[in-house]
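What follows is a set of notes on a single structure, which appears directly below.
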There are 4 protein chains.
Amino acid sequence: MTLADHAAPAPRPGRRADAERNRAAIIEAATVVFAECGGGVDVREIARRSGVGMGTLYRHFPTKDELLATVLEQQLDTWLTDAYRQAVATEDPWRALTGFFEQLLGNQAGNRAVVESYTATGGPGSACVQRCYALIDQLRVRCADAGVLRPGVTTDDLFLLSGALSQAVLTTAESHPGQWRRLLRISLDGLSSRNAEPLP
Amino acid sequence: MTLADHAAPAPRPGRRADAERNRAAIIEAATVVFAECGGGVDVREIARRSGVGMGTLYRHFPTKDELLATVLEQQLDTWLTDAYRQAVATEDPWRALTGFFEQLLGNQAGNRAVVESYTATGGPGSACVQRCYALIDQLRVRCADAGVLRPGVTTDDLFLLSGALSQAVLTTAESHPGQWRRLLRISLDGLSSRNAEPLP
Amino acid sequence: MTLADHAAPAPRPGRRADAERNRAAIIEAATVVFAECGGGVDVREIARRSGVGMGTLYRHFPTKDELLATVLEQQLDTWLTDAYRQAVATEDPWRALTGFFEQLLGNQAGNRAVVESYTATGGPGSACVQRCYALIDQLRVRCADAGVLRPGVTTDDLFLLSGALSQAVLTTAESHPGQWRRLLRISLDGLSSRNAEPLP
Amino acid sequence: MTLADHAAPAPRPGRRADAERNRAAIIEAATVVFAECGGGVDVREIARRSGVGMGTLYRHFPTKDELLATVLEQQLDTWLTDAYRQAVATEDPWRALTGFFEQLLGNQAGNRAVVESYTATGGPGSACVQRCYALIDQLRVRCADAGVLRPGVTTDDLFLLSGALSQAVLTTAESHPGQWRRLLRISLDGLSSRNAEPLP
DNA sequence: CATGAATGAGTATTCATTCAT
DNA sequence: GATGAATGAATACTCATTCAT
């Protein structure tokens with residue numbers, strides 16, 4: 001898997017320029033609106049902020065859910081790409097893992113819809129979740145090979161941790177921004193090989 | 001603070017018996033329904049399962065939110081009472097803290113509305129949150145005094161952790177029940193005084 | 001089968017008076033509106049003319065289709081009852097059959113929705129269609145026993161004829177009202193035993 | 001009136017060839033789609049099956065109704081031409097009339113839009129209806145002159161009969177294909193001079 | 001006081017038609 | 001001329017809350 005596979009906005013050939021611009025406007029507006037208001041917002045609000053009519057919106061995304069999914073996937077994808085880029089550039093396996101979490105979570109601050117989707121299904125859609133899972137798995141293996149990871153820790157554990165922490169990120173987004181970093185540090189310390197007790 | 005302050009149903013004087021019975025029935029039904037379906041359920045479903053009419057329901061709780069809050073408060077109150085009872089009965093401060101989390105989270109397994117409320121406001125309502133916060137504070141102090149708690153850990157940290165973990169409880173309720181215990185163990189290990197690095 | 005089974009408006013016990021009044025108002029308005037505009041009308045129009053809110057309408061009829069079906073059934077039921085009453089009171093079997101058709105079709109003049117439903121499914125709903133079918137069957141047997149009916153004519157034939165003629169009733173409702181009676185007469189004459197050639 | 005007047009596609013001079021080809025493609029697709037799905041189909045479906053864009057479709061037919069009318073006219077025109085050809089080739093006036101109906105109705109089997117249009121306006125559009133009416137009139141006169149037609153039967157009667165029977169054709173298209181022929185036979189027998197009673 | 005019927009603004013989605021490319 | 005993207009009013013249905021019985 002390479003970075004380029006996901007970072008590009010995927011310009012479809014033979015597509016009219018303004019259509020592509022509208023599609024982008026819709027996604028951009030939806031990203032903001034979903035993040036601010038959660039998945040329950042009125043579709044009209046998104047259309048309004050996109051500057052397009054309802055029909056246009058529904059031409060590009062045949063369902064509100066599809067739009068939501070697209071936004072979530074793209075959002076998470078961007079974050080994953082950023083986080084992964086930094087992780088591979090980091091020599092120390094443990095720092096790579098730590099940095100990955102920090103970056104991924106830092107991006108989610110205040111994004112209601114993403115966290116909601118974690119709540120509902122355990123992930124915003126299989127394609128993207130799988131990628132996230134795969135990345136975490138890579139990082140876990142590096143740490144395990146280096147002997148810095150607590151024995152018995154699974155990728156599932158790390159993945160679940162990311163979900164739980166994104167909840168914390170959201171909860172504290174307004175009242176105590178940044179407090180989640182303390183929780184992250186605590187959890188990661190619990191994951192270090194210095195804690196050798198078997199997990200339940 | 002004593003247990004009795006909160007555990008009793010607070011019988012209001014001059015209240016007809018059947019009114020009290022209705023109120024109890026509403027809360028009982030709402031507890032089940034909110035837990036199963038989340039805060040988004042139709043109020044009618046609650047009225048139906050309570051066996052009372054809509055008017056009665058709205059006489060006791062002028063708003064859906066008020067009913068939700070009441071249910072959450074009572075729910076959490078019960079759990080806190082249980083958890084606290086066990087905590088005070090436990091000599092070892094660390095075990096007391098551990099047991100408290102375990103019991104509190106174990107109760108939340110599958111309760112959609114409670115976790116949702118953590119998501120939305122950072123807590124299910126001030127009165128109850130304060131009590132929870134106070135209990136956690138007591139447990140933290142005991143651990144800190146005994147020197148078993150990582151230095152610098154605040155009550156806010158522990159409280160936020162409880163919220164994050166309830167998210168994990170819910171996420172895995174159906175697919176991987178019990179996996180949250182591993183996360184709890186990891187986090188708590190990160191809280192032990194064996195990890196002495198300062199938190200961010 | 002007796003007349004009373006269907007003619008009564010079926011007052012449900014324990015039902016609030018105004019609810020029943022509303023239900024009646026809705027059906028009445030819907031009957032008019034569906035007849036005038038066909039099944040495609042906006043539900044709001046029916047609510048408006050009923051003098052009730054949308055919610056009330058949907059409380060009584062959970063679906064537009066259900067309302068439409070109810071109206072059609074009741075409409076047809078009333079007509080059937082009228083037509084049947086006259087038929088049984090008529091000694092001569094052939095006149096009974098003739099009168100039945102005449103009365104049934106005469107009622108349908110200008111009712112768009114009823115004819116539409118015949119178009120779509122071959123009948124406005126099984127319960128009522130079955131009754132209609134059964135009545136026609138009775139009349140057919142009487143005629144056949146009396147030897148006045150063309151041999152080989154089935155109830156299906158008569159039933160289909162009624163549908164085809166209701167189409168004619170509607171078509172000519174405004175431009176040539178009453179012309180359908182000529183068609184009815186022609187068809188019925190073709191059904192008399194004076195025409196003995198076998199049907200295809 | 002000759003056949004050639006109507007059967008030809010009326011090539012408009014100064015028209016580019018591909019425009020004419022598009023127009024033909026649209027009509028062809030629309031014919032199929034309207035027949036299958038009725039007049040309520042989405043115009044897009046027709047554009048899709050035509051292989052042309054919406055703009056092209058609306059350039060040729062400024063309105064959906066206009067397209068529908070065109071299709072119906074051409075459709076009926078073709079059928080009429082066929083039916084007429086056979087009618088003039090038939091010596092016996094009664095057989096000519098009978099064959100005309102049979103052929104016309106046989107073509108309509110399963111064509112939703114045509115029957116719908118009969119329902120709505122009493123005919124698919126004046127030009128074509130007039131031709132149909134004229135043909136029926138010719139056949140009626142032949143029969144009347146030969147003394148095989150029931151006295152008093154008008155062209156209006158026959159025309160209305162054709163509409164009523166097309167309803168029957170559609171109704172039974174799927175469940176009892178061919179049953180309409182029995183009804184046709186019955187009605188035509190009612191039209192024979194053997195039935196001499198005056199019509200209402 | 002209990003009941004549950006009534007309310008009506010709000011929501012996602014469709015489709016005939018127009019217009020920029 | 002052709003294309004198909006954009007438009008936006010229209011439509012069926014929901015649900016928190018009120019109020020007549």
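Note that these values count all heavy atoms, side chains included, but never hydrogens, waters or copies made by symmetry. We name chains A, B, ... by the order of the sequence lines, and we start the count at 1 in each one.
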Pair Glu116(D)-Leu68(D), side chain to side chain contact (heavy atoms under 4.5 Å, CB included): steps then yes or no: CA-CA 11 Å; Glu116(D) 279 170 10; Leu68(D) 179 54; over 6 Å; no

Between Arg21(D) (CZ) and dA2(F) (P), how many Å, whole number? 10 Å

Using only side-chain N and O atoms of His60(A), determine if any of them is under 4.0 Å from OP1 or OP2 of dA6(F). yes

Nearest-nucleotide comparison on DNA chain E, the residue closer to the 5′ end among Gly55(C) and Thr56(A): Gly55(C)

Give a yes/no on whether any side-chain N or O of Arg59(B) is located under 4.0 angstrom from OP1 or OP2 of dA2(E). yes

In whole angstroms, the gap separating P of dA6(E) from CZ of Phe61(C) amounts to 11 Å

Which nucleotide, if any, forms a Watson-Crick or G-U wobble pair with dG4(F), using both distances under 3.5 Å? dC19(E)

Which nucleotide in the list dA16(F), dT14(F), dA2(E) gets nearest to the side chain of Arg44(B)? dA16(F)

Whether the Thr171(B) and Gln167(B) side chains hold a donor-acceptor pair (N or O, under 3.5 Å, no angle test) is what I'd like checked. yes

Heavy atoms, side chains only, cut-off 4.5 Å: are Ile27(B) and Phe61(B) in contact? yes

In whole angstroms, the gap separating C1' of dT17(E) from CG of Asp42(D) amounts to 12 Å

Atom CZ of Arg48(A) and atom C1' of dT7(F) are separated, to the nearest Å, by 15 Å

Hey, which of these two, Val52(C) or Met54(A), hits DNA chain E nearer its 5' end, going by closest nucleotide? Val52(C)

Nearest whole angstrom, please: distance from the P of dC1(E) to the CD1 of Ile26(B). 13 Å

Hey, does the side chain of Asn22(D) come within less than 4.0 Å of dG1(F)'s phosphate (OP1/OP2), counting only N and O? no

Got Val43(D) and Tyr58(D) here, is their nearest side-chain heavy-atom distance under 4.5 Å? yes

note: Leu67(B), atom CG; dC15(F), atom P; distance rounded to Å ~ 16 Å

On DNA chain F, more 5' by nearest nucleotide between Thr63(B) and Gly53(A) is Gly53(A)

To the nearest Å, how far apart are Asp18(C) CG and dT3(E) P? 17 Å

What do you reckon, is CD of Glu28(A) surrounded by more than 12 foreign heavy atoms closer than 6.0 Å? no

Return the 5'-most residue of the pair Leu57(D), Pro62(C) with respect to DNA chain F, ranking by each residue's nearest nucleotide. Leu57(D)

Separation of dC13(F) P from Ile46(C) CD1 (nearest whole Å): 11 Å

